[in-house]
Amino acid sequence: MTRILLAEDDIEIGKVLIDNLEDQGYTVDYSPDGLDALKKIENIKYDLLITDVKMPKMDGLELLENVRKGKLTSTIPVLIISGYLSLKEVKKILENGKTLFLPKPIQFNDLNQNINMLLEP
């Protein structure tokens, strides 16, 4: 079964995303900030990380940088979600390994398509 870590500080958005992902058959763990997500990624093997950008303690871009630096985490596919990124930031994200960007508000069809692309072998 595919295991996903969702890092999102807005609990209501997190609940909606978790419900959608679980309906698709994924096992989902939740982190309210980037620092908590990084700790989980270092201890649990995830098939995919979905992270918001604007979060307390460590934002999603810092989380992405830390994930890509780790020996055991550098190949985890990452889906960045945000409504507040510049074109320059989006380009930087897309240059960062197996990483995609999805703007908020999220359409579930787009979310599921992005997940499928990232999980392809």
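Computation of the quantities below employed the complete heavy-atom set of this structure, encompassing side-chain atoms and omitting hydrogens, waters and symmetry-equivalent molecules. No experiment lies behind these values; they were computed from the predicted model shown.
Partner Y30 forms a side-chain contact (heavy atoms from CB on, under 4.5 Å) with one of L5, I11, L17, I4 and no other, that one being I11.
Taking CZ of R68 as the reference point, atom OG1 of T75 lies at 7.5 Å (rounded to 0.5 Å). Here CE of M55 is found 9.0 Å from CG of L61. Values are rounded to the nearest 0.5 Å. One finds the CG atom of L21 at 7.0 Å from the CG atom of N112 (value rounded to the nearest 0.5 Å). For the atom pair CG (L102) and CG (N114), the distance works out to 5.0 Å, reported to the nearest 0.5 Å. In this structure, CD1 in I115 is found 4.0 Å from CD1 in I50, a value given to the nearest 0.5 Å. In this structure, D23 CG and F108 CZ are separated by 9.0 Å, a value rounded to the nearest 0.5 Å.
For L72, the CG atom is loosely surrounded, since the number of other residues' heavy atoms within 6.0 Å does not exceed 12. Heavy-atom contacts from other residues, nucleotides or ligands closer than 6.0 Å to NZ of K57 number 12 or fewer. The 12-atom threshold is not exceeded at NZ of K15, counting heavy atoms of other residues, nucleotides or ligands nearer than 6.0 Å. Atom CD of Q107 sits in a sparse spot, with 12 or fewer heavy atoms from other residues, nucleotides or ligands closer than 6.0 Å.
When every heavy atom of L48 is checked against every heavy atom of P77, the shortest pair comes out as CD1-O, 3.3 Å. Heavy atoms only, all atoms of each residue included: L6 and G14 are closest at CD2-O, 3.7 Å. The minimum heavy-atom distance between T2 and D47, with the atom names listed, is CA-OD2, 3.3 Å.
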| request: Kindly indicate, with the supporting measurements, whether the criterion side-chain contact (heavy atoms from CB on, under 4.5 Å) is fulfilled by T51 and L64. | output: CA-CA 9 Å; T51 181; L64 176 61; 5.8 Å; no

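For the pair K104 (side chain) and I81 (backbone), a donor-acceptor distance under 3.5 Å is absent. Without hydrogens or angle criteria, N43 side chain to K39 main chain gives a donor-acceptor distance under 3.5 Å. A distance-only check finds a donor-acceptor pair linking the side chain of E62 to the backbone of D59 [under 3.5 Å].
Salt bridge annotation for D29-R3: present, with a cationic side-chain nitrogen under 4.0 angstrom from a carboxylate oxygen.
Contact check for T73 versus N66: no side-chain heavy atoms found under the 4.5 Å cut-off. Counting only heavy atoms from C-beta outward, the side chains of K98 and L118 approach each other to under 4.5 Å. Counting heavy atoms from C-beta outward, S82 and D52 have side chains that approach closer than 4.5 Å. In this structure, V67 and Y46 have side chains that are not in contact, with every pair of non-hydrogen atoms separated by 4.5 Å or more.
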